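Remember, predicted model here, so these are calculated numbers, not experimental data. This chain uses plain numbering: 1 for the first residue, then up along the sequence.
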Amino acid sequence: MKTKLRNLISKTITGEWGYENNNYPNVIVIRAANFNYDGTIDFSNLVERAILKKYKENGKLNWKVDIEKIEAKKLIDDDIIIEKSGGGPQSPVGRIVYFKNPDNKTYLCNNFTQILRVDKSKINPLFLFYNLQYLYKTRRVLKYQNQTTGLINLKVERYLQEEVKIPEFDIQIKVITQLQIIKELIDYRKKSLHLIDNLVLSKFIEMFGNPINNPKNLKTQKLSEIGVWKTGGTPSTDNPKYYNGDINWFTSGELNDLFIYESKKKITQEAIEKSNSKIIPEYSILIGMYDTAAFKMSINKVECSCNQAILYSKLYDDFYKYLTYYSLLLSKDYYLNKRKGARQKNLNATFIKNIKVFHPNDKKNKELITKFNSIVEYNYTQKLSLLKSLQNLELLFQTVLVNSFSEKAKINEESIFEDLIKQFSIEDLKSKKERLQYLINLFSESNLNDVSSYNNAKEKLFELLDEEVIEQTFDGDNIKIDVT
């Protein structure tokens with residue numbers, strides 16, 4: 001059955017921004033800044049506002065809390081919040097998040113967003129949420145946008161005229177279950193990546209102590225004493241011969257991980273020879289200096305170049321590169337608080353070069369540094385494996401999402417089937433011949449990475465054999481498993 005979105009919404013509720021006034025009880029207001037890309041809400045960066053109204057008493061105008069408005073506009077579980085103003089060229093307006101109250105407090109959304117309250121008698125709210133995600137990710141929302149005075153606005157009433165296909169409730173549940181399984185695996189991968197990063201930081205503290213108060217009295221040196229520090233440069237954009245080459249050219253906004261490999265923009269050898277851009281040797285430390293990228297850091301795994309917002313150095317002794325990087329990383333908040341500037345909060349090269357970092361050269365601590373270097377490289381190898389798995393899961397999620405609301409897409413679960421197998425029931429496997437074959441392939445080719453995965457796959461295979469969904473045959477040399 002097809003119907004308009006409007007018919008699936010029991011109520012639309014405009015947001016409320018209220019007032020910054022601590023003399024009255026406040027409520028929590030969710031903004032578009034709290035929207036995560038995956039449709040969840042970031043509850044760590046919320047604002048509180050007073051929702052007030054004027055009233056007259058004894059001929060004087062006064063203010064009081066507008067309880068009626070708060071009650072009428074407060075969020076309830078399973079509400080969908082849509083961004084109706086804001087966006088940008090790479091991020092169209094129309095992002096959505098799914099609301100579940102985390103603590104029984106009162107939440108509103110602001111006036112740049114709007115609540116879509118779902119009619120649960122007609123559709124499962126999560127199914128509609130995923131359907132709206134599909135509309136956004138396939139950029140169908142673009143036709144409902146207009147732009148005034150720099151802001152991009154969503155024409156909500158026109159948007160709600162969009163027709164969508166609504167299957168039976170049992171089909172909705174199947175779609176939701178499949179997407180939720182993948183979503184849980186994505187969340188698990190993200191937590192694992194966070195744990196790896198925290199493990200390295202905790203190992204650093206355990207071995208060397210906090211670099212700010214230096215409780216172990218380790219020898220320190222200024223950055224200017226352990227390397228020559230330079231800033232990058234930007235080739236003139238008026239000269240097309242300087243760009244689209246094969247030399248990586250990083251901006252400070254790209255310094256997002258321990259190692260960097262490939263930049264968004266690339267420059268030519270001519271740009272290096274005729275502009276203020278320079279070649280940076282591999283395994284240099286790059287530090288952002290300005291505004292929101294201040295103290296973002298990375299180590300380049302390949303020769304590259306960078307813009308003037310980055311200070312970089314190839315240390316005199318590569319042995320200290322990880323110790324220096326993590327000394328700076330753990331000092332980040334301390335030095336960011338020392339930034340100067342009324343509008344942009346910047347660091348400058350002189351300030352950074354005077355920062356002291358751990359640089360012990362005695363035998364005992366050099367042995368510790370050797371051990372720490374091994375920990376960093378081992379954990380980063382594990383991180384790369386998890387990142388690859390995460391990327392596959394995110395790609396699968398997008399494919400399943402599109403497939404659920406479009407008949408054109410195809411799903412290939414095989415690349416991450418080892419992750420999925422633990423989440424699938426026997427019924428999930430029986431419902432798709434491809435899944436049965438993926439399981440057989442995974443088991444037959446001994447591609448399972450751990451004992452737990454092997455035992456899980458084996459138990460499911462035996463159960464499927466008992467139910468005669470799959471069968472074993474013997475060809476004289478080998479036992480073969482096939483889907484019946």
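Interatomic distance, OG of S192 versus CG of L199, reported as 12.0 Å (0.5 Å rounding). Atoms CD1 and CG, from I115 and L75 in turn, are 4.0 Å apart once rounded to the nearest 0.5 Å. Distance check: E303 CD to I279 CD1 gives 5.5 Å after rounding to the nearest 0.5 Å. Within the model, atoms OG of S277 and CD1 of I247 stand 9.0 Å from one another, a figure rounded to the nearest 0.5 Å. Here the CG-CD distance, from N22 to E48, works out to 8.5 Å after rounding to the nearest 0.5 Å. Here the NZ atom belonging to K296 is positioned 11.0 Å from the CG atom belonging to D291, to the nearest 0.5 angstrom.
In this structure, the ring of Y326 has its center no less than 6.0 angstrom from the ring center of F208. Under the 6.0 Å cut-off for aromatic ring centres, F43 and Y107 qualify, their centroids lying closer than that. Side-chain rings of Y98 and Y130 stay apart, their centers remaining 6.0 Å or farther from each other.
By the 4.0 Å N-to-carboxylate-O rule, D197 lies close enough to K383 to be salt-bridged with it. Taking a cutoff of 4.0 Å between a charged side-chain nitrogen and a carboxylate oxygen, R49 and E16 do not qualify as a salt bridge. Under the 4.0 Å criterion applied to side-chain N and carboxylate O atoms, D187 and K183 are assigned as salt-bridge partners.
The side-chain heavy atoms of Y316 and V228, taken from C-beta on, include a pair separated by under 4.5 Å.
Side-chain atoms of N153 and K84 form no donor-acceptor pair, as typed in the model, at a separation below 3.5 Å. N373 and T370 form no side-chain donor-acceptor contact under 3.5 Å, judged by distance and modelled atom types alone.
With sequence neighbours left out, the salt bridge (charged side-chain N to carboxylate O under 4.0 Å, His left out) criterion links R31 to no other residue. Listed by chain and number, the residues in a side-chain hydrogen bond (donor to acceptor under 3.5 Å, both in side chains) with Y159 amount to none (sequence neighbours excluded). Partners of D42 according to the side-chain hydrogen bond (donor to acceptor under 3.5 Å, both in side chains) rule, which considers only residues two or more places apart in sequence or in another chain, are S44.
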As a quick check of understanding, evaluate side chain to side chain donor-acceptor pair (under 3.5 Å) for T14 and K73, giving each step before the final call. CA-CA 7 Å; T14 56; K73 296 197 171 194; 3.0 Å; yes

Derivation of the side-chain contact (heavy atoms from CB on, under 4.5 Å) call for L132 and I82: CA-CA 10 Å; L132 297 183; I82 188 164; 5.7 Å; no

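The side chain to side chain donor-acceptor pair (under 3.5 Å) with Q308 is formed by just one residue from the set T234, T231, T251; it is T234.
Both tests pass for K137 against the ring of Y37: distance under 6.0 Å to the centre and angle within 45° of the axis. Cation-pi geometry between K366 and F319 is satisfied (NZ or CZ under 6.0 Å from the ring centre, within 45° of the ring normal).
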